[in-house]
Enquirer: 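I have a structure I would like to understand better, so I am pasting it below and will then ask my questions one at a time.
Note on naming: letters A, B, ... go to the chains in the order of the sequence lines (proteins, then strands), and numbering restarts at 1 for each one.
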Amino acid sequence: MDPRGVGATHPDYMRAESGVRSWLLTKDHKRIALMFYGAVITFLMLGGIFALILRTELLTPETTIIDPMTYNQMFTLHGVTMVWLFLIPSIPAVFGNFVLPLMLGAKDLAFPRINLASFYVYVASAIIILTAMVLGGADTGWTFYVPYSSTSPTAVTWMGIGIFVNGVSSIMTALNFVVTTHTLRAQGLRWHRLPLFVWAIYGTSIIILFATPVLGLSLLLVAADHGLGLGIFDPRYGGDPVLFQHLFWFYSHPAVYIMILPSFAVISEVVCTFSQRPPASYRAIAYSSLGIAFIGFFTWGHHMFVAGMSEWDAGVFGGLSMFVAIFSAIKVFTWVATLRGGSIAFSTPMLYFLWFLFLFVFGGMTGVAVATQSLDVHWHDGYFVVAHFHFIMVGGALTAFLAAAHYWFPKMFGKLYDERVGLLTSVAVFIGFVFTFLPQFLLGNAGMPRRYYSYPPHFQWLNVLSTGGAWLLGAGLILALINLVVALKWGRRAGPNPWGSRSFEWITSSPPSKHNFDVTPIIERTPYDYHLSEEDARARSRAS
Amino acid sequence: MIRAHVTGTKMLVSWIALLVLTFISFGISRVGLTGGAELAAALTISIVKTFIVLFIFMHLIEQRFANRLIVIVTFLFIVLLVTLTAADPMTRKTYPKTPDPSARPID
Ligand code: HEM
Ligand SMILES: [Cu+2]
């Protein structure tokens, strides 16, 4: 067979057709993935700029660079951009889109047109959100709590509509993934031979399908309260402001798993490939994703312990919340056990795996701590919570995103990036991260509230550490981006399978041709058969 | 595998049923039932309406079970959402039971 991989006889997907039109109207999942990639990175940078402005403002207790009202709008914009325009679409829309069909041995997703549409709907939502920003933004925080959000003079209605439209896009993508996984698996690819990536993306899609409509509904109701004065959440008309929080968190707690399950997806692949071992327990990792998806729906109330929710509900939610930790622990232990006896290669994605592990466990444990009602009463709405969720969302989801960006780079572009720069930026990101968010636990515990413009002078040194860390983190990210962009042009050619992985996406050439495989693969093994030689593994996963 | 066809007549009948149900729930809100009765009635009516929309207008009745399953699970999630949320106001306690009028802030 061709040493460049199956499918190498055809031009790759980037060269198969040319011209702007061929990109903008493409139905190829790989090209759509690249368009999402560009968009998502743009918003990561935008959200990052907002973050650096916020952190720079907090360098001193009083005014540093912006006024208080701008500060309020800026943290709202930061939250909205990061959550809906970066974190939620990042791994599924980019890497899910690109590798999921390859892993299934499919030619494309089940609904290529819906896939393209979901990109444009995403762009539309981004435009609406940006318009809202120009119209004065919103100053409610990304949570849009009533009663403030229904009376705030800012562009809350626009913002809400933008996020609603964004939800439509993620529902379209999720639907596509579910149907593709059900119907387009290659011959012989039974459920228990699916790559772990697919399991986790599948779990994510299920959460999106069940939770996102509730978010859309609640934001529309806020918009109605704001614009028409319907009073659904207004006690003067028999409404209940706490009801909004119930609806919002019924989406937004599962949403944190929409952000973190794709990271699990990436991490599971990275661990196996770079330790050249099958997962210590395939089923434990696969099923715990579904377990998390399920239990994640029972815990939303832990965000409302001090909202005036009844004690009975608070007790139920506190207890249920702790269940999630069991499934996460199963995963963590299984990943670590996978390393045992493996031949570990400390390349850039593997280094990101280590950061991920540390930050996720740390962030997760603080999650269990804040789910304890009595402690949460002290920490709620303080920097402790800020640190908790950034540890998980930035530490977990961003490191996994970076791991994926490096791991699948050769697959997507057929080039190798500079490994030394990769390792260096990875270390910079980690150190920057720790300096940014570790001090915030201390600040929170000492009583500094979140979303405040100013603070007592004795909190300053911790804030200075945090701001310094943020700049380092930003620099690390920019360097990582430069490294990848440089490799795009000057990188050495990667073979079809530079990491020696057994997963199915590496069977085809790198970059893949337009239709992924030139013979439809027949799969006669699992994606983690590291006891087989590469040749044998190849032989058992293609049409003879 | 097609089990039942949604015909034009069935659509029309369902539409009329939806309208009637809407008027009934409006009527109930006027009557002023006490206790949880009003809530229970409103929820029951909306559940019935949901199923009409799902099965007739969204053609779910023509689908095989695997496809219906996802709707059933969604429904269970909504039941969960409503139950836990409703449990909150029903179990809220206010201390003291009757607020002390002199403790009210002056406005
Ligand atoms: C798995 C990934 C997780 C992510 C991405 C995540 C994310 C978040 C976010 C974004 C918030 C802040 C929401 C806001 O703006 O108010 C938050 C708060 C919270 N999280 Fe997590 N979380 C995760 C895991 C957990 C776990 C496992 C638990 C409990 C066992 C937990 C318990 C809490 C609690 C109780 C709060 C509310 C704290 C407060 O507002 O006082 N989290 N989390
Ligand atoms: Cu939560």
Enquirer: Mind listing the closest non-hydrogen atom pair of A:Leu261 and A:Ala293 along with its distance?
Expert: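 Of all heavy-atom pairs spanning A:Leu261 and A:Ala293, the closest is CD1-CB, 4.5 Å.
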Enquirer: Sequence neighbours left out, what passes salt bridge (Lys or Arg N to Asp or Glu O under 4.0 Å) with A:Asp240? Give chain and number order.
Expert: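 Per chain and number, A:Asp240 pairs via salt bridge (Lys or Arg N to Asp or Glu O under 4.0 Å) with B:Arg92.
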Enquirer: Among A:Tyr287, A:Trp191, A:Phe264, find the one that has a ring-ring contact (aromatic ring centres under 6.0 Å, His included) with A:Tyr202.
Expert: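 Of all the options given, the one that passes is A:Trp191.
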Enquirer: In this structure, which one of A:Phe250, A:Phe305, A:Tyr251, A:Trp249 forms a ring-ring contact (aromatic ring centres under 6.0 Å, His included) with A:Trp300?
Expert: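 That would be A:Phe250; it is the only one of A:Phe250, A:Phe305, A:Tyr251, A:Trp249 passing the ring-ring contact (aromatic ring centres under 6.0 Å, His included) with A:Trp300.
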Enquirer: Can you name the closest pair of heavy atoms from A:Leu247 and A:Val214 and give their distance?
Expert: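 Shortest heavy-atom contact: O-CG1, 3.6 Å.
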Enquirer: Using a 4.5 Å heavy-atom cutoff, which residues in residues 306-319 of chain A come close to chain B?
Expert: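 Against chain B, the residues of residues 306-319 of chain A that fall inside the cut-off (heavy atoms, under 4.5 Å) are A:Gly308, A:Met309, A:Ser310, A:Trp312, A:Asp313, A:Val316, A:Phe317.
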Enquirer: Can you see which heavy atom on A:Leu109 is nearest to which on A:Pro101, and at what distance?
Expert: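 Closest pair (atom of A:Leu109, atom of A:Pro101, distance): CD2-CG, 3.7 Å.
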Enquirer: Which of residues 73-89 of chain B get closer than 4.5 angstrom to chain A, counting heavy atoms alone?
Expert: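 From residues 73-89 of chain B, the residues near chain A are B:Val73, B:Thr74, B:Phe77, B:Leu80, B:Leu81, B:Leu84, B:Thr85, B:Ala87, B:Asp88.
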Enquirer: If you take all heavy atoms of A:Val146 and A:Ser150, which pair is closest and at what distance?
Expert: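 Of all heavy-atom pairs spanning A:Val146 and A:Ser150, the closest is CG1-OG, 4.2 Å.
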Enquirer: Which atom names give the shortest non-hydrogen contact between A:Thr181 and A:Leu194, and what distance separates them?
Expert: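 Answer, listing the atom of A:Thr181 first, then A:Leu194: CG2-CD1, 4.1 Å.
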Enquirer: List the atom of A:Phe144, the atom of A:Ser149, and the distance in Å for their closest heavy-atom pair.
Expert: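 Looks like O-OG, 3.0 Å.
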Enquirer: Let me know if A:Phe297 has heavy atoms under 4.5 Å from chain B in its side chain, its backbone, both or neither.
Expert: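 It is both, since atoms from each part get that close.
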Enquirer: Let me check something: any side-chain donor-acceptor pairs from residues 13-28 of chain B under 3.5 Å, sequence neighbours excluded? List them with distances.
Expert:
| residue | atom | partner | partner atom | Å |
| --- | --- | --- | --- | --- |
| B:Ser14 | OG | B:Lys10 | O | 2.4 |
| B:Thr22 | OG1 | B:Leu18 | O | 2.7 |
| B:Thr22 | OG1 | B:Lys49 | NZ | 3.1 |
| B:Ser25 | OG | B:Leu21 | O | 3.1 |
| B:Ser25 | OG | B:Thr22 | O | 3.1 |

